[in-house]
Colleague: 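My questions all concern the structure below.
Nothing here was measured: the structure is a model prediction, and the numbers come from that model. Per chain, numbering begins at 1; letters A, B, ... match sequence-line order.
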Number of protein chains: 2
Amino acid sequence: MRKGSPTSKTRPGRSAKRDIEAPDQRVVRSRRTILDATTQLLSERGLSGATVDEISRRSGVAKTTIYRHWPTRIDLLRDACSKLGTPLEAPDAGNFEGDAIALTSKLARMLRSAQWTSVLPSIIDAAEREPDIADMYSRLQQGYSAPFEAIIRRALRKGELPANTDAATLIAALTGPLFYRRWFSREPLTDAFAKRIVRLAIGGAVPRGGSNHKPQMI
Amino acid sequence: MRKGSPTSKTRPGRSAKRDIEAPDQRVVRSRRTILDATTQLLSERGLSGATVDEISRRSGVAKTTIYRHWPTRIDLLRDACSKLGTPLEAPDAGNFEGDAIALTSKLARMLRSAQWTSVLPSIIDAAEREPDIADMYSRLQQGYSAPFEAIIRRALRKGELPANTDAATLIAALTGPLFYRRWFSREPLTDAFAKRIVRLAIGGAVPRGGSNHKPQMI
DNA sequence: ACTTTACGCTACGATACCGTATCGTAGCGT
DNA sequence: ACGCTACGATACGGTATCGTAGCGTAAAGT
């Protein structure tokens, strides 16, 4: 009952430093295949739908092999989730509005067409109750808010934004409506919408002098 | 195997119109108890955690009785979810900014302290894949965006907003950041934050004349 | 009082899923 | 060529959950 158990307790790829320099091809292939099938299944059915048996079926990798690589289903899912998506790069359009439009458009495109985003509600639901999922998610989220922080910091340096601007609030104003649109209001998430949001957050919809003035186009 | 099955096929409260005028007290008590336990459990554990056995345990109502009232677990959950929360009322502060601040503050308070809101990610996750859950949710969502539509329409009538304002976009700009803050960035959702969002959406953070001007306080 | 209706309880059958045991086989390094 | 390591297949044990059957009992309605 200890470590000598033949099946699951001897984990592959854990013998010498050779495993790092010239890893066993069988191991890397198994891990990659399993992780690919897992992320695909996650996208289709969410966390609760990502079953070890189903992952085994799709990947063609035996269930026992899966458990040789990850001690538990949750560990596999955490691992797969932490590798989700590709980070956004901070654009440089020359001014803040251009940067913001470019970045929110990219985010909008990602939210509406990258399949993996459909697992997010499931993760967020789990994060509501399980702290380690919350940790994993916050690192993920960090990655997607970082470029926004970057363009805001640059705009602050250049004086394009008031010095007392709260970055977190501005990020929420820029990106929040996109997430909202995708999942809460479930309306079409177009580039035009993203642009309108940026204009609203930056410029405002109301003429500066108050009411009853000629409205400015947005 | 037909309708004559003694247990679950004879649904309580379905005999005469007497059931509507003077309903059997046992029936109303059971339904209420079950629904209460269900919503409480939903808040704590989400859709997948709301188990019929656990609902039975908490409510003290026998599992068979539950199935006498709802043909299936999903029907019970849909029913409970569709009754979630209490609608927001549209305020009347005299001007749009006041209305918007009052309403977003109310929404922020709800999102951070009403227990039932913690079931939303779970619902949204299910809505991603199951159309009937999506329908149920959209009716729910409708209820919470309606007062925003009301104050926007009023502001449009009074000329406080440009005539070409897109209500859906403005609603997204006002409420999206709150939802975002609650679930996606997981930062504190204060009234002050709500107020800053309203100021951003309405007034804008950037001085009208462009960059390098004296920033206006927000 | 008598009937109808609703409820409680226990016990099931049927799945689905997790994680492990066991044994045989194939690939990899040396 | 030989041993070590990883993989595949099958079969389990254990648990959770859905939904139903079959009873007896209590509370309404008349």
Colleague: How long is the line joining CZ of B:R29 and P of D:dA26, in whole Å?
Modeller: 14 Å

Colleague: Expressed as a whole number of angstroms, how long is the span from A:E54:CD to C:dC18:P?
Modeller: 11 Å

Colleague: Taking B:D191 first and then B:K195, would you say they form a salt bridge - that is, a charged N and a carboxylate O separated by under 4.0 Å?
Modeller: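 No, B:D191 and B:K195 are not salt-bridged.
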
Colleague: Can you tell which of D:dG8, D:dC7, D:dT20 lies closest to the side chain of B:T64?
Modeller: D:dT20

Colleague: In whole angstrom, give the distance that lies between atom CZ of A:R31 and atom P of D:dT5.
Modeller: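 Taking atom P of D:dT5 as the reference, CZ of A:R31 is at 18 Å.
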
Colleague: Contact class for A:G49 vs. all strands (heavy atom < 4.0 Å): base, sugar-phosphate, or nothing?
Modeller: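 Contact class for A:G49: none.
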
Colleague: Give a yes/no on whether any side-chain N or O of B:H69 is located under 4.0 angstrom from OP1 or OP2 of C:dA6.
Modeller: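 Answer no for this pair, as no side-chain N or O of B:H69 is under 4.0 Å from OP1 or OP2.
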
Colleague: Paired with C:dT30: which nucleotide, if any, by Watson-Crick or G-U wobble criteria at under 3.5 Å for both distances?
Modeller: D:dA1

Colleague: When you compare the side chain of B:W116 with that of B:Q40, does any pair of heavy atoms fall below 4.5 Å?
Modeller: no

Colleague: So which nucleotide from C:dA6, D:dG8, C:dG8 ends up closest to the side chain of B:R68?
Modeller: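 When the side chain of B:R68 is considered, C:dG8 is the closest of C:dA6, D:dG8, C:dG8.
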
Colleague: Give the nucleotide from the list C:dC7, C:dG19, C:dC28 with an atom nearest to the side chain of A:Y67.
Modeller: C:dG19

Colleague: Centres of the B:W183 and A:F184 rings: under 6.0 Å?
Modeller: yes

Colleague: Between the base of C:dG19 and the side chain of A:K63, is there a donor-acceptor distance below 3.5 Å?
Modeller: yes

Colleague: When both hydrogen-bonding distances must be under 3.5 Å and the geometry is Watson-Crick or G-U wobble, what is C:dC17 paired with, if anything?
Modeller: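 C:dC17 is paired with D:dG14.
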
Colleague: Can a side chain N or O of A:R26 be found less than 4.0 Å away from OP1 or OP2 on D:dC7?
Modeller: no

Colleague: To the nearest angstrom, how far is A:I66 atom CD1 from D:dC7 atom C1'?
Modeller: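 Taking CD1 of A:I66 and C1' of D:dC7, I get 12 Å after rounding.
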
Colleague: State whether A:D36 and A:R58 are salt-bridged, where the test is any N-O pair (Lys NZ or Arg NE/NH1/NH2 against Asp/Glu carboxylate O) under 4.0 Å.
Modeller: no

Colleague: Taking the side chain of B:T72 as its heavy atoms from C-beta onward, which of D:dG8, C:dC17, D:dG19 lies nearest to it?
Modeller: D:dG19

Colleague: Checking base pairs now: Watson-Crick or wobble, both atom distances under 3.5 Å. What partners D:dT20?
Modeller: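 By the stated definition (distances under 3.5 Å), C:dA11 pairs with D:dT20.
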
Colleague: Could you check how far CH2 of B:W70 sits from P of D:dC18, rounded to whole Å?
Modeller: 15 Å

Colleague: To the nearest angstrom, how far is A:Q25 atom CD from C:dC28 atom C1'?
Modeller: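 Result: 10 Å.
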
Colleague: Provide, to the nearest angstrom, the distance between the CZ atom belonging to B:R45 and the P atom belonging to D:dT17.
Modeller: 9 Å

Colleague: Among C:dG8, D:dC18, D:dA28, which is the nearest nucleotide to the side chain of B:V61?
Modeller: C:dG8

Colleague: How many angstroms lie between CZ in A:R109 and CG in A:L88, if you round to the nearest 0.5 Å?
Modeller: 10.0 Å

